[in-house]
Amino acid sequence: LPAAAPRAGFLGRLLGRGEERVVTRRALDDDMLESLEELLITADMGVETAMRVTANMAEGRMGKRLSSQEIKELLAHEIARIMEPVARPMPIYAKRPQVVLVVGVNGSGKTTTIGKLASQFKAAGKSVVIAAGDTFRAAAVEQLQIWGDRAGVPVLTAPEGSDPASLAFDAMTKAEADGADLLMIDTAGRLQNRADLMEELSKIVRVIRKKDPDAPHNTLLVLDATTGQNALSQVEIFQKLADVSGLVMTKLDGTARGGVLVALADKFGLPIHAIGVGEQIDDLAPFDPEEFAAALTG
Ligand code: GDP
């Protein structure tokens with residue numbers, strides 16, 4: 001997945017590149033650790049996580065002469081260790097329809113991610129129905145329809161301004177009647193009025209539980225990786241609004257801020273189901289901790 005590589009390479013600035021990299025050997029000391037910590041913070045890893053990563057890496061190695069390459073590999077190893085437990089694809093249940101509620105702020109990539117996921121599920125032989133639950137944004141509904149067409153998946157819509165919960169209920173009815181494997185429900189992402197949004201989301205959940213007490217089976221929070229540390233506060237906010245079960249990180253193509261994923265994993269431990277690596281339908285990849293860590297420290 002070359003496209004999945006965050007454009008980081010930030011260690012190069014400290015450790016030198018190319019030939020220089022191989023010949024540089026320095027004793028690991030406090031100054032060195034501090035510089036590494038700063039670089040990790042620059043990549044949006046957050047202070048606590050950066051300190052943990054460098055401390056773990058330095059354990060038993062203070063005063064040792066390490067090459068730049070060795071330092072990179074050690075850091076990558078520590079980062080991958082934090083990421084491994086959260087690298088988990090979205091669980092698929094025998095339940096039909098499996099209801100996937102998709103939440104996140106506007107612009108985070110919800111619509112795009114729903115389209116990409118629908119396409120992947122369909123390619124895996126699943127039948128999918130999408131509900132355009134952000135009924136307040138006509139443009140969002142249109143976009144979702146475009147993605148539904150691309151993925152070859154029906155998109156249920158309701159008139160602008162109508163109740164998203166009643167759309168969700170109708171979508172459940174249709175998904176059941178069609179014997180669909182998955183129902184993906186888009187939701188509004190207006191954080192300006194959190195009380196309204198909470199009411200809206202909890203009403204959707206209430207209504208679909210009338211049909212299936214276990215629904216939604218997954219609540220995916222879509223986060224834009226380019227927002228850096230802001231992603232952390234979005235997780236906190238959405239955990240209060242909904243029962244978030246997993247994350248999709250979008251826009252990891254071409255960001256140097258991928259370090260926020262490490263902070264997220266360290267702080268919340270929520271599974272990262274997939275990463276968005278572009279604007280096209282196939283630009284959704286499984287999250288690979290080793291590859292990610294290598295790219296981040298590259
Ligand atoms: P929504 O408002 O949350 O539904 O967000 P959209 O799905 O409409 O996405 C907002 C913008 O981000 C669009 O221009 C998308 O093409 C873009 N986008 C979404 N995911 C990715 C991604 O993984 N990489 C890149 N480069 N752009 C993305």
Side-chain angles (χ1 to χ4, degrees), residues 1-8 44 87 89-90 100-121 128 130-151 153 155-158 160 164 167-168 184-194 197 200-201 204 218-228 230-231 233-235 237-238 241-242 244 246-261 264 272-288 291-292 295-296:
L1 309 166
R7 203 193 324 116
D44 264 302
M90 191 185 94
V100 184
L101 194 66
V102 184
V103 301
V105 298
N106 292 340
S108 61
K110 276 196 307 290
T111 309
T112 310
T113 299
I114 290 171
K116 291 171 177 176
L117 280 171
S119 166
Q120 285 192 355
F121 290 136
V128 186
I130 295 173
D134 187 357
T135 56
F136 287 87
R137 283 196 306 164
V141 175
E142 268 168 42
Q143 270 303 112
L144 203 52
Q145 267 173 325
I146 293 171
W147 277 104
D149 288 346
R150 276 182 199 146
V153 162
V155 179
L156 300 186
T157 61
E160 196 176 341
L167 173 68
M184 305 188 68
I185 304 176
D186 188 20
T187 61
R190 300 177 305 278
L191 279 187
Q192 298 85 338
N193 194 334
R194 269 177 229 176
L197 189 54
E200 191 170 313
L201 290 174
I204 291 174
N218 317 78
T219 299
L220 303 189
L221 172 58
V222 177
L223 293 172
D224 175 347
T226 67
T227 61
N230 201 263
S233 52
Q234 285 179 25
V235 174
I237 291 166
F238 274 96
L241 297 177
V244 176
L247 308 175
V248 176
M249 299 297 307
T250 66
K251 310 184 198 181
L252 264 178
D253 46 313
T255 177
R257 314 188 77 176
V260 71
L261 270 71
L264 284 166
I272 299 175
H273 294 320
I275 55 171
V277 292
E279 298 186 272
Q280 305 302 312
I281 198 155
D282 292 327
D283 293 333
L284 188 77
F287 178 66
D288 181 330
E291 196 163 350
F292 171 81
L296 194 62

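Whatever order the structure lists them in is the order used to number ligands and atoms, beginning at 1. Keep in mind that what you see is a predicted model, and the values were worked out from it rather than measured.
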Can you report which non-hydrogen protein atom sits closest to [atom], along with the distance?
atom                    : value
atom 24 (N) of ligand 1 : D253 OD1, 2.9 Å
atom 4 (O) of ligand 1  : T111 OG1, 2.5 Å
atom 7 (O) of ligand 1  : T112 OG1, 2.6 Å
atom 10 (C) of ligand 1 : G107 O, 3.7 Å
atom 18 (N) of ligand 1 : K251 CE, 3.8 Å

If you measure from each non-hydrogen atom of L284 to ligand 1, which part falls under 4.0 Å: side chain, backbone, both or neither?
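Neither; no heavy atom under 4.0 Å.
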At under 4.0 Å between heavy atoms, what of K116 touches ligand 1? The answer is side chain
Would you call S108 a ligand 1 contact, heavy-atom distance under 4.0 Å?
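Yes; S108 lies near enough to ligand 1 that a heavy-atom distance drops under 4.0 Å.
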Taking 4.0 angstrom as the limit and counting only heavy atoms of N106, give me the atoms of ligand 1 inside it, by number and element.
2 (O)
Atoms in ligand 1 flagged as close to V105, the criterion being non-hydrogen separation under 4.0 Å
3 (O)
I want to check something: taking the side chain as every heavy atom from C-beta on, are I204 and L101 in contact at a cut-off of under 4.5 Å?
yes
For atom 21 (C) of ligand 1, which candidate among G109, G189, G278 holds the nearest heavy atom?
G278
With atom 17 (C) of ligand 1 as the reference point, say which of E279, Q280, Q143 has the nearest heavy atom.
E279
Applying the side-chain contact (heavy atoms from CB on, under 4.5 Å) test to T157, which of V141, L144, T135 qualifies?
V141
I'd like to check the side chain to side chain donor-acceptor pair (under 3.5 Å) partners of Q145; sequence neighbours left out, ordered by chain and number.
none
